[in-house]
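Encoded as structure tokens, the structure appears first; notes follow it.
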Amino acid sequence: MAWIKVSEALASEAGRELTVKGWVRTRRDSKADGGLSFIQLHDGTCHDPIQVVARGDLPNYESEIARLTTACAIEVDGRLVESQGKGQAVEIEASEIRVVGWVEDPDTYPVPQKRHTFEYLREQAHLRTRTNTFSAMARVRHRLAMGIHRFFDERGFYWVHTPIVTSSDAEGAGQMFRVSTLDLMNLPRKGDGQQAAGKSGEIDFSQDFFGRPAFLTVSGQLEVETYCCSLSRVYTFGPTFRAENSNTARHLAEFWMVEPEIAFGDIHDNARLAEEMLKFLLDDLLTARADDMAFFDLRIEKGLIERLRHVIESPFRVLTYTEAIDILSKAEASFEFPVAWGRDLQTEHERYLTEEHFKQPVTIIDWPKEIKAFYMRLNGDGKTVAGMDVLVPRIGEIIGGSQREERLDVLDARIAESGLESEGYWWYRDLRRYGTVPHAGFGLGFERLILLATGMQNIRDVIPFPRAPKQCEF
RNA sequence: UCCCCGAUAGCUCAAUUGGUAGAGCGAGCGGCUGUUAACCGCUAGGUUCCUGGUUCGAGUCCAGGUCGGGGAGCCA
């Protein structure tokens, strides 16, 4: 008999002989018809389990089948039949059930079939994917990741594998994780040839693995710009690391980021690309994972699907920072932090704009240069730069991007203003020396996209093994 | 990093002024039923987060720590 996925079995016509393999969700027994058991079997290929009917006359019924508990792994041979009961169209009439793996102690199995808090399941990250929510999350995450590749591939973008280990500190913004093979108990010091613990003086990184300080990347942007200035349309998609001691439901120390970069494009092309991408991804997800999305809509956030459709169907509101400040200063809401031109927007301001004033995603462009990174293109007014933040309800900032400064003299001035050393950016400056071109790009926090798409509240629940301050189990 | 809250059975939570630690869910056994968030009965299950202190007596009060949650900052 052909071994098929549960998803395929559920979509098949009755009468088919088949084999399915998976894990028991529940077993219910009945004394009817000489005894039988109903087993809900799940293999992760779709949201719904399939019901297996095991008759009492199966040879191992008393010895094994009647002792199956949640999470036992089994193989089932049988025939797909129309279900006599309500709740499912088809079920499997088992002709043979083989137990592959038992659960050693059902009483202490960490994830029995009952409600659990997400906080508890986080401590059981190796088992939580056996629950409805986390298997749905895994399928949604996969679909969104594949959607990102498909979206860009269909539009002629090349996926560039920017390095994880880097010596440049991208924006000088985020705290970085150091990568080193030096002996922490005996660090080499500058000054003389002798190495001795406790000696004063700076650490001599020339003796480190790379011969210089190295870190985990906080962004692939600077590197991907080099490919953009040759391949025209590129993107990175990979893990990113921030050593910030931030403990919130929206931050991770290790997260995945999508960073497209387009040549011969400006801030408006950039904003359009961001909007088109988000809409494509959400629309594709609602179609391809309708089963899981219905679950999130029912159990995680009521009205989720309707809200996502609203995001897909209504144009994003694009406005300048100056306009945003104007709206906020006229707002009747009372803010904890003051609203004034030149100050960064606080979370409460972002939420007001996207949740209360516009009630849809908002793209804010043209920010004061003092509060944005050095590489953002200086506008004609000399006061603002072509930066861009996309804000969405409930999440806040989901995308941050900009048109890049392509003029070498302006870039050098901005590097100097920002107090950075221009030497480290020699290769970044070279892009402006040899065939410079207007270009733009943005970074999308992949896990924040998943929060938006699923209605989940905590970012640690939309990545398989979350890494955060004091959290690196598994 | 800052502010607030919390930690008691496998899980979620009770426990009055400091005085014998309980329930629901889950689990095991039995009953009933083409069951499906099943239902009914019985049973088992505890170093009350850690260290120290106050007290005749601490789950409860005090100090320090660890971990978790909510909010903020920073950001994606």
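By convention in this document, chain letters (A, B, ...) are assigned in the order of the sequence lines, proteins followed by strands, and residues within each chain are numbered from 1.
Rounded to an integer number of Å, the gap from Asp344(A) CG to C75(B) P is 6 Å. Atom pair Leu278(A):CG and A76(B):C1' shows a separation of 12 Å (rounding to whole Å applied). In this structure, CD of Glu244(A) is placed 16 Å from P of C2(B), rounded to the nearest angstrom. Across the protein-nucleic acid pair, His251(A) atom NE2 and U1(B) atom C1' stand 13 Å apart, rounded to whole Å. Computed from coordinates, the Ile463(A) CD1 to A76(B) P distance equals 16 Å when rounded to whole Å. If you take CE of Met388(A) and P of A76(B), they are 11 Å apart, rounded to a whole angstrom. Between Phe335(A) atom CZ and G73(B) atom P the separation is 13 Å, expressed in whole Å. A72(B) atom P lies 10 Å from atom CD of Gln346(A), rounded to whole Å.
Looking at heavy-atom distances under 4.0 Å, Phe255(A) makes contact with a base. Across all strands, Gly443(A) comes closer than 4.0 Å only to sugar-phosphate atoms, never to a base (heavy-atom distances). Base contact: Gln51(A) has a heavy atom under 4.0 Å from a base atom. Within 4.0 Å (heavy atoms only), Thr117(A) reaches sugar-phosphate atoms of the nucleic acid but no base atom. Counting any heavy atom pair closer than 4.0 Å across all strands shown, Ile395(A) reaches no nucleic acid atom. Val111(A) comes within 4.0 angstrom of nothing in the nucleic acid, heavy atoms only.
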Evaluate ring-ring contact (aromatic ring centres under 6.0 Å, His included) for Phe237(A) paired with Trp159(A), printing each intermediate quantity in order.
CA-CA 7 Å; Phe237(A) 182 21; Trp159(A) 180 20; 7.3 Å; no
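Annotation: U47(B) and A21(B) have their C1' atoms spaced 14 Å apart (nearest Å). The same atom, P, is picked in A63(B) and in G18(B); the two are 16 Å apart, to the nearest Å. Between G69(B) and U12(B), the two C1' atoms lie 15 Å apart (nearest whole Å). A27(B) and U20(B) have their P atoms separated by 32 Å, given to the nearest Å. Spacing between C2(B) and G10(B) at atom C1', rounded to whole Å, works out to 36 Å. Atom P of C5(B) sits at a distance of 22 Å from the matching atom of C50(B), rounded to the whole Å. To the nearest whole angstrom, the two C1' atoms, one in C62(B) and one in G26(B), are 37 Å apart. Taking the P atom of each, C25(B) and A37(B) are spaced 16 Å apart, rounded to whole Å.
Scanning all heavy atoms of the two residues, the minimum distance from Arg460(A) to Asn247(A) falls at NH2-OD1, 2.9 Å. Closest approach of Leu282(A) to Ala453(A), counting heavy atoms only: CD2-CB, 3.9 Å.
Side-chain atoms of His116(A) and base atoms of C11(B) include no donor and acceptor less than 3.5 Å apart. With hydrogens and angles ignored, a donor-acceptor pair closer than 3.5 Å exists between the side chain of Glu91(A) and the base of G34(B). The base of U1(B) lies outside donor-acceptor range of the side chain of Gln175(A), with no N or O pair under 3.5 Å. Between the base of C75(B) and the side chain of Arg448(A) there is a donor-acceptor pair shorter than 3.5 Å.
With ring centers used as reference points, Phe151(A) lies 6.0 Å or more from Phe157(A). Between Tyr235(A) and Tyr227(A), the ring centre distance reaches or exceeds 6.0 Å.
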For nucleotides 23-33 of chain B, just jot down a letter per nucleotide in 5' to 3' order: B, S or -, based on protein non-hydrogen atoms under 4.0 Å.
--BBSS----B
Each nucleotide in nucleotides 66-71 of chain B should get exactly one letter: B, S or -. Can you fill that in based on protein heavy atoms under 4.0 Å?
-SSSS-
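Applying the side chain to side chain contact (heavy atoms under 4.5 Å, CB included) criterion to Phe465(A), with sequence neighbours excluded, gives Ala125(A), Arg467(A), Phe474(A).
Nucleotide A23(B): paired with U12(B) (Watson-Crick or G-U wobble, both distances less than 3.5 Å). Base pairing annotation: A7(B) forms a Watson-Crick or G-U wobble pair with U66(B), both donor-acceptor distances under 3.5 Å. Pairing partner, C2(B): G71(B), with both Watson-Crick or wobble hydrogen-bond distances short of 3.5 Å. Using N1 to N3 plus N6-O4 or O6-N4 for Watson-Crick, or N1-O2 and O6-N3 for G-U wobble, each under 3.5 Å, C39(B) pairs with G31(B).
A parallel orientation is assigned to the rings of His116(A) and Tyr120(A), their planes being inclined by less than 30° (bins at 30° and 60°). Ring geometry, Phe374(A) versus Tyr428(A): the interplanar angle exceeds 60°, so the pair is classed perpendicular (tilted spans 30 to 60°).
Put simply, Thr347(A) has a side-chain N or O that comes within less than 4.0 Å of OP1 or OP2 on G73(B).
Of the residues listed (Lys359(A), His357(A), Arg351(A)), the one engaging Glu355(A) in a side-chain hydrogen bond (donor to acceptor under 3.5 Å, both in side chains) is Arg351(A), and it is the only one. The side-chain hydrogen bond (donor to acceptor under 3.5 Å, both in side chains) test with Glu91(A) is passed by exactly one of Arg79(A), Gln84(A), Gln51(A): Gln51(A).
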